[in-house]
Number of protein chains: 2
Amino acid sequence: MSLAGIAGLLADRTRAAFCLALLDGRAWTAGELARHAGVSPSTASEHLSRLVAGGLLAEERQGRHRYLRLAGPDTATMIEDLCSYAAGAPDVPGPGAAAAGPKGLRESGRHGAEARARTCYDHLAGRLGVAVADAALARGLVADDAGLVLTPAGLDWLAGLGVTAAELKGSRPVVRGCLDWTERRTHLAGAAGAALCRRAFELRWVERIGTGRALRTTPAGRRDLRELLGIEVPV
Amino acid sequence: MSLAGIAGLLADRTRAAFCLALLDGRAWTAGELARHAGVSPSTASEHLSRLVAGGLLAEERQGRHRYLRLAGPDTATMIEDLCSYAAGAPDVPGPGAAAAGPKGLRESGRHGAEARARTCYDHLAGRLGVAVADAALARGLVADDAGLVLTPAGLDWLAGLGVTAAELKGSRPVVRGCLDWTERRTHLAGAAGAALCRRAFELRWVERIGTGRALRTTPAGRRDLRELLGIEVPV
DNA sequence: CGGACGCTCCGGCGGGCACCGAACGGTCGA
DNA sequence: TCGACCGTTCGGTGCCCGCCGGAGCGTCCG
């Protein structure tokens, strides 16, 4: 796939809205995405087929539903990187394809719940995600040495949570900084970020609010986060 | 600028060809870019204006020439990242915008000189660039710890070349891996990669072949690269 | 000073594509 | 088994945009 080909897949407001929504790491149905982007089911169907054919999305058919998710962490990273670049680029109204309609990603910041805590692909984001990243840095679990790295102390800390070292092996970076939309600061991504998020769900530190990407911190989560990281999560 | 807006700037074959050409880090004139991409000057002019307005390119007018270069290292990084993702994505022919014409980036691999040594934005690439990266890793000048980092030994080594520590400060990553097109392996980018490339020019280790991005290694360069890094550069 | 040159603006053309509504088939629940 | 629902396919429409050629303007050089 050429550079123009990949860019072309993301160059449409509707398709971009799909990818942005799927950045929460979950599988959406075609209809949900259509409603989210404000287009008809038939239009959404065509767009989704193109994104799947282009390798950005993976699909899974179950009964009368077509579930769609991002093809993988590398795709999520690519889209995040592009977003973070776009966030820093000047806003040119112009007659181009960038007409800022009501479908922007602005709306994701509207909901206070999402700003507090949410998933970003497969890791924690929002104020909670940034607080975790800050605490991990302050406690020496990760270090910032021209890029984030997991320290031996961090490895131990994760092991105490039940994350095995084997889980962190693979082609994925162990820890990676990911720019947070609402906070404009970095939170933890990569294999360790994903593992931590998974354990946060399993230990019921957090749970989903409805069907969106927003998270609620449970009393158990507040207790453990305070003990383990010194984070005070407001109720 | 929205995600779709940035992607839209790169979603055209001609504009993508411009950006790919400008990845050599040099300033091209509008006419050169037009010829390179095989479009008329008027068409090129419009595309270039859009890229400048979108913040991807910077322009500098001198006399009757309009010089264009990438806006900055972050733009170069963004394009490189997108390319490296695109290189791994499946090639879908389809009726989409990805019709692989004769204007692809394939042609850059045709010239043997560019495969041997060239600039990639502001650092060294090609077999020479990859060899430098390999040697730096083998000699402990940089380390691969979930991302490349400059070691104290590497800092000393650069200092011996006349690169001051102040030069490596800034928001740019000190060392960064950059996927090499022709070699499909990583070479050194980031502030240190740029500084090394600059010194390589100043010390006349390399010089440009004609007006392209291809480089020739001088006898002095072969001698110093052998002594300092143990690299044998074929004549 | 005149001509060559580099670039830009303008009008026009053609194609691609985003979008919709209607019709259809497959799946699930009553 | 029948109806509600989800998704896809197919025409059709309108718009955007990529492209060109020609005119115009400024710059450089002989």
Side-chain angles (χ1 to χ4, degrees), chain A residues 2-5 7-19 27-54 57 59-69 92-103 211, chain B residues 2-5 7-19 27-54 57 59-69 92-103 211:
Chain A
S2 67
L3 170 60
L9 288 174
L10 297 171
D12 176 79
R13 284 221 315 281
T14 300
R15 286 194 297 269
F18 288 171
C19 292
W28 294 47
T29 68
E32 286 168 348
L33 289 169
R35 279 189 299 278
H36 176 77
V39 294
S40 73
S42 59
T43 301
S45 179
E46 293 171 16
H47 284 308
L48 293 171
S49 294
R50 281 183 63 176
L51 289 169
V52 169
L57 265 45
E59 66 182 356
E60 206 164 333
R61 310 219 175 209
Q62 278 181 20
R64 55 181 164 180
H65 291 283
R66 179 194 196 182
Y67 284 96
L68 295 136
R69 54 182 173 78
V92 49
K103 306 178 191 172
T211 59
Chain B
S2 67
L3 170 60
L9 289 175
L10 297 172
D12 176 79
R13 283 222 314 282
T14 301
R15 286 195 296 270
F18 289 171
C19 292
W28 294 47
T29 68
E32 285 169 347
L33 288 169
R35 279 189 297 278
H36 175 78
V39 295
S40 74
S42 59
T43 300
S45 179
E46 293 171 17
H47 283 307
L48 293 171
S49 294
R50 282 185 62 177
L51 289 169
V52 169
L57 265 44
E59 68 181 356
E60 206 165 332
R61 312 226 174 201
Q62 278 181 21
R64 55 180 165 180
H65 291 283
R66 179 194 195 181
Y67 284 96
L68 295 135
R69 54 181 173 78
V92 47
K103 307 177 191 173
T211 60

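Naming convention: chains lettered A, B, ... in sequence-line order (proteins, then strands); numbering from 1 in each chain.
The nearest whole Å value for the distance from the CG atom in B:Leu33 to the P atom in C:dT8 is 11 Å. For A:Tyr67 and C:dT27, the OH to C1' distance is 13 Å, given to the nearest whole Å. One interatomic measurement links the two molecules: CG of A:Leu51 to C1' of D:dT8, which rounds to 16 Å at whole-angstrom precision. For the pair A:Arg64 CZ and D:dG3 C1', the computed distance is 11 Å after rounding to whole Å. A straight line from CZ of A:Arg35 to P of D:dC5 spans 12 Å, rounded to a whole angstrom. Per the geometry, CG belonging to B:Asp12 stands 17 Å off P belonging to D:dC16, to the nearest Å. In this entry the distance linking CD of A:Glu32 with C1' of D:dC5 reads 14 Å, nearest Å. Atom CZ in A:Arg61 sits roughly 13 Å away from atom P in C:dG26 (whole-Å rounding).
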Polar atom pairs between nucleotides 21-25 of chain C and protein, under 3.5 Å, N or O only, would you list them?
unit_1, atom_1, unit_2, atom_2, d
C:dG21, O6, A:Ser42, OG, 3.0

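Side-chain nitrogen and oxygen atoms of B:Thr14 include at least one within less than 4.0 Å of the OP1 or OP2 phosphate oxygen of D:dC19. OP1 or OP2 of C:dA18 sits under 4.0 Å from a side-chain N or O of A:Arg50. OP1 or OP2 of D:dG7 has at least one side-chain nitrogen or oxygen of A:His65 nearer than 4.0 Å. Residue B:His47 has a polar side-chain atom (N or O) positioned under 4.0 Å from OP1 or OP2 of D:dC19. An OP1 or OP2 oxygen of D:dC17 is reached within less than 4.0 angstrom by no side-chain nitrogen or oxygen of B:Arg13. Checking the phosphate oxygens (OP1, OP2) of C:dT8, a side-chain nitrogen or oxygen of B:Arg66 falls inside 4.0 Å.
Pairing analysis of DNA chain D (Watson-Crick: purine N1 to pyrimidine N3 plus N6-O4 or O6-N4; G-U wobble: N1-O2 and O6-N3; both under 3.5 Å) yields stems of 3 or more pairs at C:1-30 with D:1-30.
Between B:Arg66 and B:Ser49, some side-chain heavy-atom pair lies under the 4.5 Å cut-off. Contact of the B:His65 side chain with the B:Glu60 side chain is not registered, since no non-hydrogen atoms from C-beta on lie closer than 4.5 Å. Between A:Phe18 and A:His47 the shortest side-chain heavy-atom distance falls below 4.5 Å. Within the 4.5 Å cutoff, no side-chain heavy atoms of B:Thr29 are placed close to those of B:Leu68. Between A:Tyr67 and A:Arg61, every side-chain heavy-atom pair lies at or beyond the 4.5 Å cut-off.
Between the B:Glu46 side chain and the B:Thr43 main chain, no donor and acceptor come within less than 3.5 Å of each other.
A:Leu9 and A:Leu51 get closest at one heavy-atom pair: O-CD2, 3.9 Å. Annotation for B:Leu10 and B:Ala16: closest pair O-CB, 3.9 Å, computed over non-hydrogen atoms.
Counting any heavy atom pair closer than 4.0 Å across all strands shown, A:Thr29 reaches sugar-phosphate atoms only and no base atom.
A distance of 10.0 Å separates SG in B:Cys19 from CG in B:Asp12, rounded to the nearest 0.5 Å.
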Where do A:Leu48 and A:Arg15 land on the side-chain contact (heavy atoms from CB on, under 4.5 Å) test, with the steps shown first? CA-CA 8 Å; A:Leu48 293 171; A:Arg15 286 194 297 269; over 6 Å; no
